[in-house]
J.: 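Could you have a look at this structure, given as structure tokens, before my questions?
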2 protein chains.
Amino acid sequence: MIPGRTPDTRERLIRAAWDLLGEGGPGAVTLRGVGARVGVSRTAPYRHFADKDALLRAVAEQAFRALGDRMRTAAREADDTPSVLRVVLLAYIDFASEHTEQYRLMFGEWVIAQKRAEGDAGGPLHTAALSLFELCAGMLAQGQREGVIRQGDPADLALLTWSTVHGLMTFALSGHLEAKERGARTEVERLVGEVVEGLMARRGN
Amino acid sequence: MIPGRTPDTRERLIRAAWDLLGEGGPGAVTLRGVGARVGVSRTAPYRHFADKDALLRAVAEQAFRALGDRMRTAAREADDTPSVLRVVLLAYIDFASEHTEQYRLMFGEWVIAQKRAEGDAGGPLHTAALSLFELCAGMLAQGQREGVIRQGDPADLALLTWSTVHGLMTFALSGHLEAKERGARTEVERLVGEVVEGLMARRGN
DNA sequence: ACCTGAACACCGTTCAAGT
DNA sequence: ACCTGAACACCGTTCAAGT
């Protein structure tokens with residue numbers, strides 16, 4: 001009688017797609033496989049989602065939510081602004097490293113067409129991405145008020161910072177970075193430190 | 001009798017795949033379609049490539065070559081170092097904007113598994129990416145010697161710069177950026193300017 | 001309201017056979 | 001050396017039919 005006590009089919013389909021994606025990449029996510037894992041027929045998902053992309057969109061939304069939660073939780077654990085920035089960015093790359101396939105779903109090639117299918121602005125996918133951006137911009141604006149982050153449009157700083165971290169993550173995941181040095185994770189961590197360093201206000205400026 | 005006078009089937013298959021990719025995205029590239037465009041059967045490509053991925057790898061290699069040529073040509077048109085940096089980065093985003101699908105092939109999700117299939121290091125895909133990186137690092141090192149680019153490991157600077165530009169491009173192409181303001185191209189151009197600004201040496205440092 | 005099974009159109013890939 | 005046609009296993013998706 002309590003709604004949501006046992007996960008309904010819709011929720012279980014999303015979970016199954018999430019797991020299959022994480023285990024075997026995009027190629028491993030088939031409606032047949034998702035149905036089988038949940039214990040329904042291969043056409044059952046069509047009762048809950050318009051098509052395969054709609055199911056994957058729900059997975060991406062959940063990934064955005066999980067990443068946002070993780071960043072906000074990390075933010076609560078630090079007190080001063082430069083450290084909170086570093087901690088949040090590290091939480092970001094940790095999520096991307098642990099959930100590689102979900103991360104690629106959020107920012108990869110596939111998502112562009114999906115946002116258009118959602119109606120460009122206003123869709124949950126766009127809202128979720130915007131919320132992450134605003135979290136980042138808000139932290140930078142706070143730091144500027146405290147005088148520890150350098151001047152400039154906080155939206156520009158946030159976009160540039162996010163772009164750099166995303167770019168680093170992309171190169172790390174694609175192996176373009178890995179070849180240079182063993183331990184891509186440590187390498188990215190160090191470079192994120194440099195990014196934060198570059199955001200700090202300079203004495204007398 | 002002159003070898004390469006008329007393009008052979010292999011070359012025409014690559015060209016057809018490049019065109020289909022550009023016109024309709026990854027979904028439009030099918031071995032059947034490629035064969036049809038060239039005027040051979042759908043199984044003919046297997047006489048020239050091990051499988052579909054091998055054909056796409058050849059397309060990616062050509063894209064890397066085209067991007068490299070474009071950057072080097074742009075570099076020759078500018079004289080002083082700060083301007084050459086800006087010009088080369090703009091050539092980069094121009095290529096990415098004009099050949100969106102090919103650009104995604106070079107740095108998207110697909111390429112990771114491919115590099116592994118190539119044998120991680122030493123493969124043409126990895127060599128091509130490394131060559132672009134070294135072009136960027138070389139320009140920065142030259143600028144440091146001239147005293148116009150700030151201190152730091154040129155490899156780090158190159159990686160951070162490239163990551164930022166690639167990240168900006170990703171967000172622009174994915175529409176995450178586009179929503180904020182009309183004219184994503186102008187926006188990216190302005191932000192690339194900020195990136196170059198951040199690389200300049202500061203007086204007295 | 002939710003699920004099923006059969007069917008359809010489309011893939012990549014293999015292989016025996018042709019020139 | 002290069003190409004072909006038939007065939008196979010696998011997709012997403014539709015639809016009439018069941019409870």
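Residue numbering restarts at 1 for every chain, and letters A, B, ... go by the order of the sequence lines.
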J.: Under 3.5 Å, is there a donor-acceptor pair between the side chain of A/Gln102 and the main chain of A/Ala60?
T.: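 Absent.
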J.: Parallel, tilted or perpendicular, judged at 30° and 60°: which one describes the rings of A/Phe171 and B/Phe107?
T.: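 Perpendicular.
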J.: Going through the distances and angles, do A/Trp110 and A/Asp53 end up as a side chain to side chain contact (heavy atoms under 4.5 Å, CB included)?
T.: CA-CA 9 Å; A/Trp110 168 83; A/Asp53 280 337; 3.1 Å; yes
J.: Could you tell me from which nucleotide to which nucleotide of DNA chain D, 5' to 3', there is an atom under 4.0 Å from chain A heavy atoms?
T.: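 From 5' to 3', the first and last contacting nucleotides are D/dC11 to D/dT14.
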J.: Both A/Asp53 and B/Arg32 contact DNA chain D. Taking the nearest nucleotide for each, which residue is further toward the 5' end?
T.: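 Taking each residue's closest nucleotide, the earlier one in sequence belongs to B/Arg32.
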J.: I need the residues from residues 22-29 of chain A with at least one non-hydrogen atom less than 4.0 Å from DNA chain C; give them sorted by number, or say none.
T.: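 Correct list: empty, so none.
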J.: Answer with yes or no whether the side chains of B/Arg145 and B/Gln142 bring together a donor and an acceptor at under 3.5 Å.
T.: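 Their side chains do contain a donor-acceptor pair, which is all the 3.5 Å distance test asks for.
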J.: If we check side-chain contact (heavy atoms from CB on, under 4.5 Å) with B/Arg86, which of these qualifies: B/Leu90, B/Val84, B/Val88?
T.: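 Only match with B/Arg86 under side-chain contact (heavy atoms from CB on, under 4.5 Å): B/Leu90.
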J.: Should B/Val195 and B/Leu85 be marked as a side chain to side chain contact (heavy atoms under 4.5 Å, CB included) after you check the CA-CA gap, both sets of side-chain angles, and the distance that decides it?
T.: CA-CA 10 Å; B/Val195 170; B/Leu85 246 181; over 6 Å; no
J.: Is the shortest distance from a Lys or Arg side-chain nitrogen in A/Arg15 or A/Asp19 to a carboxylate oxygen in the other one below 4.0 Å?
T.: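 Salt bridge between A/Arg15 and A/Asp19, a charged N being under 4.0 Å from a carboxylate O: yes.
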J.: Nearest-nucleotide wise, let me know which of A/Thr43 and B/His48 is further upstream toward the 5' end of DNA chain D.
T.: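 Result of the comparison: B/His48.
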J.: Just need the stems in DNA chain D: three or more back-to-back Watson-Crick or G-U pairs, each with both distances under 3.5 angstrom, sorted by first number.
T.: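 DNA chain D forms these stems: C:4-8 with D:12-16, C:12-16 with D:4-8.
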J.: Is it the case that over 12 heavy atoms from other parts of the model lie below 6.0 angstrom from the CZ atom of B/Arg42?
T.: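 No, not enclosed.
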J.: May I ask you to decide if the ring planes of B/Tyr92 and B/Tyr103 are parallel, tilted or perpendicular, using 30° and 60° as cut-offs?
T.: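 The arrangement is perpendicular - the two ring planes meet at more than 60°.
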J.: Locate the shortest heavy-atom distance separating B/Pro45 from B/Leu13; write the atom from each residue and the value.
T.: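 Minimum heavy-atom separation between B/Pro45 and B/Leu13: CA-CD1, 3.9 Å.
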